[in-house]
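What follows is one structure encoded as structure tokens, with my remarks underneath.
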Amino acid sequence: MLTTEERQRNPILKKLHLDGPLLLGLLALAVTSLFVVYSASGESEALVWRQAIRVSAAFVGLFIIAQFPPRFFERFSPILFGFGLLLLVAVLLFGEVGKGAQRWLDIGPVTIQPSEIMKLAVPMMIAWYVNRRAIPIRLGRLVIALTLVLIPVLLIAKQPDLGTSLLVASAGIFVIFLAGLSWRLITVAVALVAAFTPILWMYLMHDYQRQRVLTFLNPERDPLGSGYHIIQSKIAIGSGGIDGKGWLQGTQSQLEFLPERHTDFIFSVFSEEFGLIGVTLLLALYGFVILRGLIISLRAQDIFSKLLGGALTLTFFVYVFVNIGMVSGLLPVVGVPLPLISYGGTSMVTILAGFGILMSIATHHRLIINQ
Amino acid sequence: MRTRTPIRDTESESSLFARRVFVAIGIIAAVFILLIGNLYNLQVKEHTELQTRSNDNRIKLLPLAPNRGLIYDRNGVLLAENLPIFSLDIIPEEIKDLDTTIAELRQILTISDDDIAQFERNLRGQRRFSNVTLLDDINEQQVATFAAHQHKFPGVSIEARLVRHYPYKELLTHVVGYVAKINRRDVERLKQNDELANYAASRTIGKLGIEKYYESELHGEVGYQRVEVNNRGRAVRTLSTEAPVPGQDIVLELDIELQRKATEILGERRGSIILMDAKTGGILAMASTPSYDANWFVNGISVKRYQSLLNSKDSPLLNRATQGGYPPASTIKPHIGLLGLEEGVITPTSRIWDPGWFEIKGVDRRYRDWLSWGHGWVNINTAIAESCDTFYYDLALKLGVDKISGFMTQFGFGETTGIDINEEIPALMPSRGWKRARYNQPWYAGETLSVGIGQSYWTATPMQLVSATAALANQGEHLVPRLLRGFGTIGRLTLAEPAYKRPIVLKDESHWQVVKQGMEDVNMGAKGSARRAFADAPYTSAGKTGTAQVVNLAEDAEYVAEEIAEKYRDNAMYVGYAPADDPQVVISVALENVIGGGGSVAAPAAREMLDSWYQRYMQVTEQGLANADD
């Protein structure tokens with residue numbers, strides 16, 4: 001078996017419960033992040049150091065998580081999910097308000113963002129629930145599964161945090177999709193989503209979110225107001241050309257025309273400085289990580305691991321797609337960071353924790369025993 | 001416990017999962033192609049346009065104002081200079097809370113409510129990320145006070161710039177004029193002339209006098225600094241600089257000492273004195289009183305002060321030298337005499353009897369001479385020297401108004417002299433056609449008599465009188481009066497060439513001497529109307545006095561100046577030149593509503609003026625005008 005070969009090829013990594021290619025891809029992204037953050041922060045060494053420390057801490061987290069067998073996560077899923085739900089409710093009731101949204105929970109010395117927990121807890125919970133029976137999933141259980149997804153998603157959307165709720169929702173839905181949801185139902189679901197959109201627009205979206213969508217549809221509508229960000233971002237990307245302006249040479253970013261340049265819009269900085277060649281390589285790196293994640297899922301030995309691994313990988317892909325799509329004008333600006341590249345600790349920790357689970361799946365093997 | 005399916009077909013479940021993963025991979029591949037395709041569009045297809053927009057973002061052209069050319073008098077005395085001043089400027093976009101900032105500034109600096117009102121007016125229509133002045137012309141104490149607190153006020157700064165200053169204040173306002181803030185009309189005009197870009201950094205523009213007339217030479221050319229700016233518009237580095245080209249310096253024909261003298265002579269009276277170089281048309285002095293301080297306008301005049309200037313009954317804003325339309329009165333008798341000689345209506349020796357009045361045949365009205373008992377026998381010479389009206393009533397009637405009007409137009413009456421300031425009126429040379437067009441009325445013979453002594457509808461500016469007198473003194477050579485001596489500075493001066501109008505050509509050249517002799521006798525003859533004023537002058541001179549009625553008196557009314565309201569008193573006029581045999585300077589004097597006439601008031605003023613000129617230019621060298629760069 002392939003797994004045997006790998007085990008023989010990389011005994012040390014195997015013992016450490018790490019997957020070599022995946023680790024390599026993640027490290028490559030993390031190192032890239034340090035260089036881009038340095039440029040995007042106006043050459044702030046302090047910021048790079050902070051980012052380096054966060055990355056290191058997140059990798060330690062990944063390593064620790066990878067030591068637990070998938071079985072553990074399966075058992076742990078309902079508990080984490082329930083705990084997460086409680087925290088979400090707590091946030092709504094007692095949460096810290098910042099930037100017009102209620103996302104943080106202040107517990108003693110630390111503030112936590114329960115919606116981040118849900119990025120892992122939801123796919124775990126759904127995978128756990130789906131795996132109670134054989135796949136493909138049947139209609140009745142599908143309704144329950146969807147409800148399990150929808151509750152945290154709505155709670156997060158209410159904070160309001162559209163980006164995170166979108167990611168949490170996709171994580172849950174990916175599990176259901178991978179669990180063989182029938183194409184007919186998918187068609188129906190798409191139709192339902194289409195029907196739901198006006199409701200979302202009218203009742204659930206905040207004014208600033210609606211503005212973002214309107215501006216997305218036509219950024220030049222308000223070039224000095226809400227369209228400013230996306231216009232400046234497109235200028236940054238486009239002016240990079242094929243080979244880019246060079247590291248630290250991007251005028252759009254260095255002269256601060258780009259908003260949120262070291263966080264959500266870091267891809268624009270990267271594009272301006274490294275051009276089409278750079279972004280193609282970056283996307284290739286992401287593609288490699290995603291593909292590796294899917295291969296691990298395909299090789300996983302139980303359905304829970306497969307579903308969870310697949311869903312986490314696909315969610316990672318959604319991160320990449322939504323962020324690049326929004327900064328290059330394909331999608332509305334929803335505030336999703338570029339995974340592993342954007343400055344910021346919270347999402348970095350969650351994403352690497354997810355990859356820790358994938359490492360666990362890749363390196364823990366048990367006997368396949370059908371009950 | 002829930003029931004579980006006893007046996008799960010892991011193989012088929014795995015293969016279902018695998019199929020779904022492959023579908024997902026397909027979708028992911030498609031999305032990546034979409035992303036790359038979109039980036040390709042931006043970075044390759046739209047690259048040029050977005051590159052341009054990126055450069056537009058970061059590169060700003062900062063215009064640099066050229067230094068305005070300085071203005072000197074003929075001896076190199078500075079008449080208009082540029083002084084550095086400091087202003088407290090604000091870039092509104094860089095300030096979070098404008099009201100708080102201003103309140104805090106008020107704690108360290110004196111800022112009046114007017115300043116704030118003015119600031120708020122300036123705030124509107126200001127370009128993004130440009131300075132708006134809060135306090136103008138602050139002193140060094142205030143500069144130091146602000147500098148100590150500067151760190152607390154990002155977006156507020158002290159800016160230094162040059163502003164125009166006129167050290168002679170009201171003495172030269174009607175000559176040099178002034179610059180003032182560029183207003184909307186100026187912008188429109190600059191736009192039409194495609195000159196707006198050249199004023200990108202300029203705050204002021206010439207509004208009056210020399211400053212306006214020679215605006216394009218004085219202003220210079222704007223320079224640019226290409227700077228890289230950040231998103232707050234703050235320049236982070238200079239990419240290149242194109243220095244502004246300073247405006248040309250100007251030297252005027254004016255002699256500031258003679259100008260001061262002319263103004264002194266006028267004193268509290270309303271009027272004008274012009275002294276012109278008879279050889280070049282250069283204006284040595286051009287005074288108009290009352291005047292006002294040109295500096296008031298440079299930084300914006302207050303509404304109150306402007307209203308008081310505008311509404312003053314003394315009309316200080318009026319440049320009497322070129323905009324004052326006065327009846328020329330007897331000052332034009334030499335010219336009309338010349339026409340009489342040319343037309344053969346009179347000869348140098350023909351004479352008439354003056355009983356003190358004149359009658360048109362068939363009209364029951366006597367036209368009075370100023371000398372009620374009459375001059376007795378008068379010829380052209382005595383008619384000029386003693387300023388006999390009756391002689392001219394007779395002559396004018398014989399010539400007719402249209403002949404007079406046509407000939408006087410050749411001397412420049414009824415049209416602008418073309419002096420190099422814009423504040424000039426053509427005044428009025430009446431004719432039959434003009435009256436028909438203006439009033440739709442026929443011309444009356446009595447009006448011709450009035451025209452014969454320079455009254456009726458006839459008005460002339462002191463500048464026209466100087467120009468017409470110079471044409472007579474120069475025997476037909478018709479100089480255009482000019483304030484400009486040349487561009488450059490003393491020592492490196494490009495002298496302006498004298499300009500001429502069409503010369504006046506006589507059928508008989510000897511007629512010039514006939515009337516000029518009459519004018520010499522005005523000043524130097526035994527019965528000359530200005531003989532007292534010019535008694536014992538160290539130089540020879542010629543001239544003509546004039547006294548213009550402001551109101552028509554009844555046929556037999558007695559005119560007693562002291563008894564009538566000031567504004568109805570006579571105007572006293574004088575024109576002349578000196579020396580008589582080789583005219584070097586021409587003078588005109590106009591005094592409004594004075595007690596006395598041309599001979600008793602205007603001629604002494606001219607004498608005083610000519611004495612000053614003589615002392616400065618003739619006594620020392622005895623060889624013509626001493627020019628600083630000769």
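Residue numbers begin at 1 in each chain, while the letters A, B, ... track the order of the sequences. The structure presented is a predicted model; accordingly, all values stated were derived computationally and were not measured.
Heavy-atom distances place no part of B:Glu49 under 4.5 Å from chain A, backbone and side chain included. Contacts between B:Glu13 and chain A at a heavy-atom distance below 4.5 Å involve backbone atoms as well as side-chain atoms. Residue contact with chain B, scored on non-hydrogen atoms closer than 4.5 Å, involves the backbone and the side chain of A:Leu307 alike. Contact annotation for A:Ser297: both backbone and side-chain heavy atoms come within less than 4.5 Å of a heavy atom of chain B. Neither the backbone nor the side chain of A:Ala300 comes within contact range of chain B; no heavy atoms are under 4.5 Å apart. With a threshold of 4.5 angstrom between heavy atoms, B:Val44 approaches chain A through side-chain atoms but not through N, CA, C or O. Looking at A:Ile290, only its side chain comes within 4.5 Å of chain B, counting heavy atoms on both sides.
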Full working for side-chain contact (heavy atoms from CB on, under 4.5 Å) between A:Phe267 and B:Leu39: CA-CA 11 Å; A:Phe267 182 77; B:Leu39 292 167; 3.7 Å; yes
Worked verdict on B:Leu50 versus A:Ile237 for side-chain contact (heavy atoms from CB on, under 4.5 Å): CA-CA 8 Å; B:Leu50 293 170; A:Ile237 295 170; over 6 Å; no
side-chain contact (heavy atoms from CB on, under 4.5 Å) between A:Val320 and B:Val31, intermediate numbers included: CA-CA 10 Å; A:Val320 176; B:Val31 167; over 6 Å; no
Working for side-chain contact (heavy atoms from CB on, under 4.5 Å), residues B:Thr10 and A:Gln301: CA-CA 9 Å; B:Thr10 318; A:Gln301 287 168 321; over 6 Å; no
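Heavy atoms of other residues, nucleotides or ligands lying less than 6.0 angstrom from OH of B:Tyr40 number 12 at most. Counting heavy atoms of neighbouring residues, nucleotides and ligands inside a 6.0 Å radius, atom CG of B:Asp56 exceeds 12 of them.
B:Gln43 places no side-chain N or O within donor-acceptor distance of the main-chain N or O of A:Gly238, the cut-off being under 3.5 Å. Although no hydrogens or angles enter the test, the distance criterion places a donor-acceptor pair under 3.5 Å between the side chain of B:Asn38 and the main chain of A:Ser328.
In this structure the side chain of A:Lys245 reaches within 4.5 angstrom of the side chain of B:Ser54, judged on heavy atoms. A:Leu276 places none of its side-chain heavy atoms less than 4.5 Å from the side chain of B:Leu42.
The structure places CD1 of A:Ile242 at 8.0 Å from NE2 of B:His47, a figure rounded to the nearest 0.5 Å. Taken from CD1 in B:Ile36 to OG1 in A:Thr280, the straight-line distance is 4.0 Å, to the nearest 0.5 Å. In this structure, B:Ser14 OG and A:Asp302 CG are separated by 9.0 Å, a value rounded to the nearest 0.5 Å. A:Leu314 contributes atom CG, which lies 8.5 Å from atom CD1 of B:Ile27 (distance to the nearest 0.5 angstrom). One finds the CD1 atom of B:Ile28 at 5.0 Å from the CG atom of A:Leu294 (value rounded to the nearest 0.5 Å). Atoms OG and CZ, on A:Ser239 and B:Arg58 in that order, are 9.5 Å from each other to the nearest 0.5 Å.
Cation-pi check for B:Arg20 over A:Trp183 is met; the charged atom lies under 6.0 angstrom from the ring centroid and within 45 degrees of its normal.
Each of A:Leu283, A:Thr251, A:Val279 has some count of heavy-atom pairs under 4.5 Å with chain B, and the biggest count is that of A:Leu283. Interface check for chain B: of the options A:Phe174, A:Phe321, A:Phe177, A:Tyr286, the most heavy-atom pairs under 4.5 Å are formed by A:Phe177.
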